[in-house]
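Order of appearance sets the numbers: ligands from 1, and atoms from 1 within every ligand.
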Amino acid sequence: MVTPYIIVEQSQPLKGQVSLNGAKNAVLVIIASLILTRGKSVLHNVPKSDDVLHMISLLKSLGASVFFFEEEHILQVDTTQLSSWNVNAEVMKKMRASILVMGPLLARFGKADIAAPGGCVIGSRPIDFHLKNFKKMGATVFENGDYLSAVTTGLRAGRYVLEYPSVGATENILMSAVLTPGQTYIVNAALEPEVMDLIDVLRKMGANIQVLAPATLCISGVSQLQSVEHTIIPDRLEAGSLLIAAAITKGEIEITNAIAEHMDVFLLKLEEMGHSIRLNANGQGIYLKASQNPRAVSFKTSPYPGFPTDLQAPMMAAQCIAEGISVIEETVFENRLVHVRELQKMGAQIKQEGTKAIVTGVEHLYGAQVIATDIRASCSLVLAGLCAKGTTRMTGIHHWTRGYDHLEKKLGFLGGNITIVNQEMPLSLTVNELGRENIL
Ligand code: EPZ
């Protein structure tokens, strides 16, 4: 079997203007939310990433009819004939976000037969917050190994407290509550922009949702929801990746539809590095001119509006060649520093202490053979490859294609030397191709 890989060459400063695709972490849950309606919905600005294709095949397996006009980024979903609540284990295993159909299935059918989504390299990814609260809402959950079967004669409204503002648990409980008679409160809810986009869609369907301080959702259940037309918000994580690509190559780019208020802390850290950021008048659109001598900054990931965990790995790449020392602490996932080892192969000076990485900036990184271990690690390594001397070859690109809609094409348009090669990577790479002997 051919193992495709990405080749990244040291690139000139990235320059130009690009726009963003729809947010992966919004579109996946919004597609799942369509299970709550009976009718034909239309979603715009839908990215063509593998995870989206997986969610489409999941909905089709339940009986929905789905048409994806990929070039136009338009998804048509008709859930009138959706009749199954049993999710194929193979489909569940392909993508963690599949767990997000559990709440809608319980709300629509009173049943949900799924497989536990399983963990991944960044952590065990438990779903205890989801299951604990579904049980409190009146669902009975039978766990048989990897298989979960939930059933209810009717979910109960009430006050449900999350011990941690979990994005997925907030979304799952919210989607089960919108059709539950009475008032349901979700306390300590996640309020990421992607969660707010889901709330926007549910309100368009006819749901009654209030967002109260501090971080509480109040849902008044309704009897039915209508099909919907909606445009997915721009992907703040793609925006962050593009801005770091310009910063790390000392270039300058404009992202025409980025929503700056979705990424305040991240932009603050870019400015602290010495990069200049300008926002368009209406807050839509970000222009970055890179500093020629960026300073290292420290940061700690936390739930929104803190520094997003999904930009931790990409931002670490920028610290590797910045002046000074950066202390990066990952607090959201227990094992989301796996990319450190791969960056070290490229010459990065990083010391890992538990969930902290201490990065000492170096003059140059060097091309190497590296392995992507999760979506955001794949981005970090591509960004590092854009500024590294020589050639970087990255395998594990299924992570890249899962999370991004041809981001390599956008980077190429801006001047990045990056290509996806669908053939076996040559086993022995000459020293000069790697920029230096791969001695690690
Ligand atoms: C969503 O994952 C995103 N995925 C993740 O993006 C993102 O990193 C994460 O939120 C945090 O912002 C999608 O939206 C599809 P969590 P989710 O529940 O919902 C623990 C990417 O690269 N936890 O907020 O799974 C969990 O282990 C992906 O695009 C429990 O302990 O994240 C983690 O440590 C990666 N029990 C923390 O909470 C539970 O029942 C945050 O997880 C649920 C979560």
(message) Looking at ligand 1, would Arg96 count as a contact under a 4.0 Å heavy-atom criterion?
(response) yes
(message) To check your reading of the model: name the closest protein heavy atom to atom 11 (C) of ligand 1, its residue, and the distance in Å.
(response) Thr309 CG2, 3.9 Å
(request) Please round to the nearest 0.5 Å and tell me the distance separating atom CE of Met316 and atom CD1 of Ile328. (result) 4.0 Å
(request) Mark the output for Pro126 as yes if a heavy-atom distance to ligand 1 is under 4.0 Å, and as no if none is. (result) yes
(message) Among all the protein's non-hydrogen atoms, which is closest to atom 26 (C) of ligand 1, and how far away is it?
(response) Phe333 CE2, 4.2 Å
(message) List ligand 1 atoms under 4.0 Å from Ile127, heavy atoms only on the residue side.
(response) 39 (C), 40 (O)
(request) Can you establish whether the number of heavy atoms outside Glu72 located under 6.0 Å from its atom CD is more than 12? (result) yes
(request) Consider ligand 1: state whether an atom of it lies below 4.0 angstrom from any non-hydrogen atom of Arg336. (result) yes
(message) If I take atom CD from residue Glu238 and atom CG from residue Leu407, how far apart are they, to the nearest 0.5 angstrom?
(response) 5.5 Å
(request) Find the distance between CD1 (Ile173) and NZ (Lys132) and round it off to the nearest 0.5 Å. (result) 10.5 Å
(request) Check ligand 1 against Lys24 and write out every atom of the ligand that is under 4.0 Å from a heavy-atom position of the residue. (result) 21 (C), 29 (O)
(message) Using 0.5 Å steps for rounding, measure from the CD1 atom of Ile375 to the CG atom of Asp51.
(response) 5.0 Å
(request) Provide, to 0.1 Å, the distance between atom 20 (C) of ligand 1 and the closest protein heavy atom, together with that atom's residue and name. (result) Phe129 CE1, 4.3 Å
(request) Would you mind checking which non-hydrogen protein atom is closest to atom 29 (O) of ligand 1, with the distance to 0.1 Å? (result) Arg376 NH2, 2.7 Å
(message) Residue-level breakdown please: for His130 versus ligand 1, do any non-hydrogen atoms fall below 4.0 Å on the side chain, on the backbone, on both, or on neither?
(response) both
(message) Using a 4.0 Å cut-off to any heavy atom of Val332, which atoms of ligand 1 qualify?
(response) 33 (C), 34 (O), 37 (C), 41 (C)
(message) Within a 6.0 Å radius of atom CD on Gln17, are there more than 12 heavy atoms belonging to other residues, nucleotides or ligands?
(response) yes
(message) Considering non-hydrogen atoms of the protein only, which is the closest contact for atom 12 (O) of ligand 1, and what is the distance?
(response) Val167 CG2, 3.9 Å
(request) Record the part of Met55 in heavy-atom contact with ligand 1 below 4.0 Å; permitted values are side chain, backbone, both and neither. (result) neither
(request) Just do the side chain to side chain contact (heavy atoms under 4.5 Å, CB included) check on Arg38 and Arg108 with the steps written out, would you? (result) CA-CA 10 Å; Arg38 286 177 173 77; Arg108 180 169 177 148; 3.4 Å; yes
(request) Just need the protein heavy atom nearest to atom 17 (P) of ligand 1, so name the residue and atom and give the distance. (result) Arg125 NH2, 4.0 Å
(request) For residues 163-221, pull every pair meeting ring-ring contact (aromatic ring centres under 6.0 Å, His included), keeping only residues two or more places apart or in separate chains. (result) none
(request) Can you run down the salt bridge (Lys or Arg N to Asp or Glu O under 4.0 Å) pairs that involve residues 197-212, sequence neighbours left out, and say none if there aren't any? (result) none
(message) Under 3.5 Å, is there a donor on one side chain and an acceptor on the other for Thr309 and Glu330?
(response) yes
(request) Heavy-atom contacts with Asp310 under 4.0 Å: which atoms of ligand 1 show up? List them by number with element. (result) 5 (C), 6 (O), 7 (C), 8 (O), 21 (C), 22 (O), 28 (C), 29 (O), 35 (C)
(message) Could you tell me, atom by atom, which parts of ligand 1 come under 4.0 Å of a heavy atom of Asp128?
(response) 30 (C), 31 (O), 36 (N), 39 (C), 40 (O)
(message) Using a 4.0 Å cut-off to any heavy atom of Gly168, which atoms of ligand 1 qualify?
(response) 18 (O), 19 (O)
